[in-house]
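Residue numbering restarts at 1 for every chain, and letters A, B, ... go by the order of the sequence lines.
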Amino acid sequence: MANEEVTAEGRSDIGNYPVFKRNMRQWTMRITAYADRLLDDLDRLDWPESIKLMQRNWIGRSTGARVRFSSAAGEIEVFTTRPDTLFGATFMVLSPEHPLVDALTTNSQRSAVEKYRESARKLNDNERQNDDRKKTGVDTGATATNPVTGEQIPIWIADYVLMGYGTGAIMAVPSGDERDFEFARAYNLPIVAIQMPPDEWFSSNKIAPTTDCKLWPTAFVGEGTYINSSNKNLSLDGKRSMSDAISQVNSWLENNKCGESAITYKLRNWLFSRQRYWGEPFPIVYDENDMPYSVPDELLPVKLPELTDFKPQALDPNDETTDPMPPLARVTDWLKVELDLGDGKKTYRREVNVMPQWAGSCWYELRYLDPTNIDRFVDAQVERYWMGPKSAGHTGGVDLYVGGVEHAVLHLLYSRFWHKVLFDLGHVSSEEPFHKLFNQGYIQAYAYRDSRGQTVPANEVVEQNGNYFYEGEPVVREYGKMGKSLKNIVTPDEMYDEFGADTFRLYEMSTGPLDASRPWNTRDVVGMQRFLQRTWRNLVDEETNELHVSDEPAPIELRRALHRCIDGVRQDMENLRFNTAISKLIELNNALTVHVNAAGSTPREIAVPLTQMLSPLCPHIAEELWQKLGVQTPITYTAFPVADPKLLLSETIEIPVQINGKLRTRLAAPADISDDELRALALADAKVIAALAGATPAKIVIVPKRLINFVL
RNA sequence: GCCCGAGUGGCGGAAUGGCAGACGCGACGGACUCAAAAUCCGUUGUCUGAAAGGGCGUGCGGGUUCGACUCCCGCCUCGGGCACCA
């Protein structure tokens with residue numbers, strides 16, 4: 001069961017059964033071995049910076065050093081990003097779960113330590129990670145040796161140190177780390193300054209410069225002059241550079257065999273087993289000694305056995321000791337299998353865990369390339385054609401992947417890892433699965449809650465004078481992502497029935513930029529339906545259903561409108577700005593409507609490119625018009641229209657005239673007007689003459705063919 | 001707490017240093033109709049004015065510039081992510 005399926009009361013959210021933590025033997029994927037490549041290759045991807053950042057944070061690479069402190073119970077290893085502050089390490093803190101705690105704890109401290117570990121165990125992860133909490137901890141009574149100072153320093157345990165990160169133990173440098181400072185203050189542990197902060201630090205903290213940390217209100221984190229930082233053969237004193245100090249300490253640690261430079265990651269290995277029925281079975285069998293073997297290729301794939309009862313094994317609700325049993329463990333005839341794995345025929349036992357959903361989503365895009373291939377998941381040539389690198393250094397991968405941000409660190413990291421493994425094994429030519437990523441926004445909608453706080457079906461809520469009612473009772477309106485829980489879903493099927501798929505697509509694309517979250521408003525859909533109907537009527541006679549498209553040339557202004565539209569739509573399409581592409585098509589169609597109202601038909605030179613431009617946005621109606629237009633080449637294989645640059649310019653242009661940067665009037669001018677002509681034209685304008693009132697402008701700013709501004 | 005993103009008419013939005021509000025919805029008016037729907041044509045930021053026109057206006061406060069929704073500094077609000085990571 002996933003963490004989020006457990007309620008605050010420690011029960012399952014479905015069925016309300018008690019939930020117990022249990023250690024289980026499971027499969028994991030060694031994604032941490034790819035941490036560096038997953039991090040570094042982000043730079044080579046065309047992805048939104050925000051998603052790259054989330055992955056960088058998730059991988060969480062820190063560089064620093066491992067340092068070993070000796071103690072009565074053996075060496076205690078810590079990881080630190082600031083080995084340069086080692087001289088200021090005045091105590092150590094271990095996670096309550098650290099394996100050495102038992103051996104370290106002195107008899108006099110044992111009961112206090114046990115009590116603290118018990119209470120830490122009871123806290124759930126959320127409570128433990130809330131940093132508003134006061135720091136708590138207990139002394140183990142033991143000490144360790146600071147390798148650079150040789151001093152004995154106390155060892156404490158505290159729950160702010162997490163067993164899951166680094167080594168589960170830290171060296172505490174209270175003068176240089178805010179958490180350690182807080183802890184030292186709370187338990188009266190020594191604080192020694194090892195850097196002299198700059199004067200500004202003291203003045204911003206409103207104290208006089210001092211090395212006496214008792215007077216400091218907080219730790220100093222940053223670059224300062226090192227003090228109190230020397231032993232027989234290592235001295236940082238007087239130095240300022242943090243990076244120099246770090247490398248100096250690191251080499252000292254290595255020479256003295258008590259540490260070395262190191263890198264750690266926040267990223268953990270990927271737990272890959274699930275205890276349910278629906279999922280790919282592992283191609284793994286065990287012998288009588290529980291040794292795992294992979295199932296030979298010719299027996300793949302291992303398929304799920306047919307089952308009528310998928311329920312997990314029911315245990316007594318208060319049974320905390322019996323091991324859980326996945327559904328597959330009950331299928332006794334599937335479970336046992338006779339194989340010859342080179343040792344003669346023997347009976348093996350199948351793995352009963354299954355893979356998580358991610359297993360499929362990690363490579364489905366590869367299978368889509370070659371879905372009917374029964375020999376391989378994808379033919380090598382097919383893969384190279386669709387996903388291969390475009391040039392030297394290019395990662396390869398699908399050209400464009402559109403998806404929601406919710407996949408930022410799970411699906412998108414797992415599939416990158418998976419793909420890199422396939423690359424390393426020589427199965428694909430691309431290093432990354434998705435070269436360009438685009439995050440579309442969420443469709444949002446109003447939701448309504450009744451007096452009990454329950455959501456009510458949004459489509460049955462009625463508005464009266466700005467208030468909202470459901471079945472006569474007042475409800476309050478809120479706003480959020482469309483979803484089942486808020487009962488504010490509009491399904492595409494309803495839209496298809498009422499408006500058709502083309503209108504639905506067009507509406508979705510027209511409401512705003514693709515990457516922005518935007519509201520759904522069913523009332524607005526009719527605008528796109530009207531547009532399509534108007535376009536249809538411009539090309540097809542409603543009475544006879546016959547095309548009324550003529551071979552007459554289009555008037556020059558309409559032709560210009562067409563080419564401006566083509567030019568704009570091409571650019572918008574390339575940049576995924578479907579909303580503005582649609583606006584431009586509507587503008588063209590509106591101009592066309594005026595022409596059709598007067599002339600009674602649409603010029604073919606307009607009808608054909610208009611239909612083509614509509615095709616990516618509303619393919620069904622475009623296809624039907626295309627057939628009526630009788631073009632031989634299918635619309636899909638016809639090259640997208642190209643604007644004629646000559647038709648993008650008109651003979652006269654309108655130039656705004658500003659006085660002191662404020663718009664005062666506009667001038668009609670020839671399209672090729674020179675700056676001098678423009679100045680003369682503007683100075684002759686009645687409004688400009690009135691505004692100048694005989695004065696000479698201090699400055700005249702002219703943006704050629706765009707604007708003129710008189711500065712008085 | 002830290003890191004991203006966003007704030008523009010009644011609503012969704014357009015304009016990335018040069019005419020703020022394209023396009024759509026809604027609203028209002030007109031044509032057609034016995035009538036209504038549909039359709040077509042027009043108006044629609046706001047204040048002021050009979051009008052012509054003028055003032056104000058892109059979350060708030062400063063700045064840069066001939067000129068700022070757009071760039072810079074400081075803040076506010078909302079949304080998202082991470083969160084004792086040593």
The side chain of A:S62 is closest to which nucleotide in this list: B:A86, B:G18, B:G55? B:A86
Report yes if a side-chain nitrogen or oxygen of A:R56 is closer than 4.0 Å to either non-bridging phosphate oxygen (OP1 or OP2) of B:C85; otherwise report no. no
Any idea which of B:U39, B:A86, B:C19 is nearest the A:V161 side chain? B:A86
Once you apply a heavy-atom cut-off of 4.0 Å, does A:E587 come out as touching a base, just sugar-phosphate, or nothing? sugar-phosphate
Could you check whether A:R66 gets within reach of a base, just the sugar-phosphate, or nothing at all, counting any heavy atom under 4.0 Å? nothing
Whole-Å distance separating the CG atom of A:N660 from the C1' atom of B:G18: 15 Å
Would you mind reading off the distance between A:D541 atom CG and B:U39 atom C1', rounded to a whole angstrom? 14 Å
Among the nucleotides B:G26, B:C41, B:C66, whichever has the atom closest to the side chain of A:R530 is B:G26
Tell me which nucleotide among B:A86, B:G18, B:G13 gets nearest to the side chain of A:T80. B:A86
Answer with yes or no whether the side chains of A:T264 and A:Y165 bring together a donor and an acceptor at under 3.5 Å. yes
Please state the C1' separation for the pair B:C60 and B:C69 - nearest whole angstrom. 15 Å
Please classify the nucleic acid contact of A:K662 as base, sugar-phosphate, or nothing, using heavy-atom distances under 4.0 Å. sugar-phosphate
Rounded to whole Å, OH of A:Y265 lies from P of B:A86 at a distance of 13 Å
Identify which nucleotide among B:C3, B:A20, B:C84 has an atom closest to any side-chain atom of A:L53, counting heavy atoms from C-beta outward. B:C3
Quick check against the 3.5 Å criterion: does A:D84 have a side-chain atom that pairs as donor or acceptor with the backbone of A:I246? no
Can you find a side chain N or O atom of A:N579 that sits less than 4.0 Å from OP1 or OP2 on B:C23? no
Separation of B:G10 C1' from A:D524 CG (nearest whole Å): 12 Å
Scan every strand shown for a Watson-Crick or G-U wobble partner of B:U44, both distances under 3.5 Å, and answer none if you come up empty. B:G26
Answer with base, sugar-phosphate or nothing: what part of the nucleic acid does A:N57 contact at a heavy-atom distance below 4.0 Å? nothing
Side chain of A:T593 (C-beta onward), nearest among B:C19, B:G53, B:C41: B:C41
According to a strict under-4.0 Å criterion, is A:S510 in side-chain N/O contact with OP1 or OP2 of B:G12? no
How close or far is atom P of B:G18 from atom CG of A:N709, stated in whole angstroms? 14 Å
The Watson-Crick or G-U wobble partner of B:A68, with both key distances under 3.5 Å, is none
Go through the steps to decide whether A:T602 and A:N538 satisfy the test side chain to side chain donor-acceptor pair (under 3.5 Å), and finish with yes or no. CA-CA 6 Å; A:T602 293; A:N538 280 338; 5.3 Å; no
Name the nucleic acid region contacted by A:E654, choosing base, sugar-phosphate or nothing; use a 4.0 angstrom heavy-atom cut-off, strictly under. base
Integer angstrom distance from the C1' of B:G13 to that of B:A20: 13 Å
Nearest-nucleotide pick for A:R518, side chain only, options being B:G13, B:A86, B:U39: B:G13
Nucleotide forming a Watson-Crick or wobble pair with B:G79, both distances under 3.5 Å: B:C4
Starting the side chain at C-beta, find the nucleotide from B:A86, B:C41, B:C84 nearest to A:N597. B:C41
When rounded to the nearest Å, what value does the distance between C1' atoms of B:G59 and B:G49 take? 31 Å
Between B:G24 atom P and A:N521 atom CG, what is the distance in whole Å? 16 Å
Should the pair A:R706-A:E654 be classified as a salt bridge under the 4.0 Å nitrogen-to-oxygen rule? no
B:G74 -> Watson-Crick or G-U wobble partner, both distances under 3.5 Å, gives B:C60
With syn defined as a glycosidic angle within 90 degrees of 0 and anti as anything else, the base of B:G54 is anti
B:A37: pairing nucleotide in any strand, Watson-Crick or G-U under 3.5 angstrom: none
Given B:G24, B:A86, B:C25, the nucleotide with the shortest approach to the side chain of A:I170: B:A86
Looking at A:K266, does any N or O in its side chain come under 4.0 Å of the phosphate oxygens OP1/OP2 on B:C85? no
Looking at every strand, decide which applies to A:L707 at a 4.0 Å heavy-atom threshold: base, sugar-phosphate, or nothing. base
Under a 3.5 Å threshold, yes or no: a donor from one side chain and an acceptor from the other, between A:T511 and A:D524? no
Nearest whole Å is fine: how far is B:G10 P from A:R523 CZ? 15 Å
Distance, rounded to the nearest Å, where A:R179 contributes CZ and B:C2 contributes P: 15 Å
Could you go through the side chain to side chain donor-acceptor pair (under 3.5 Å) check for A:Q195 and A:S175 one step at a time? CA-CA 8 Å; A:Q195 281 173 301; A:S175 64; over 6 Å; no
By nearest-nucleotide position on RNA chain B, the 5'-leaning member of A:R537 and A:K584 is A:K584
Starting the side chain at C-beta, find the nucleotide from B:C41, B:G18, B:A86 nearest to A:V703. B:G18
Relative to the 5' end of RNA chain B, which residue comes earlier, A:T167 or A:M54, by the nucleotide with the nearest heavy atom? A:M54
Criterion side chain to side chain contact (heavy atoms under 4.5 Å, CB included) on A:L189 and A:W156, from CA distance to verdict: CA-CA 10 Å; A:L189 290 156; A:W156 285 58; 3.6 Å; yes
Between A:Y507 and A:W520, does the ring centre distance come in under 6.0 Å? yes
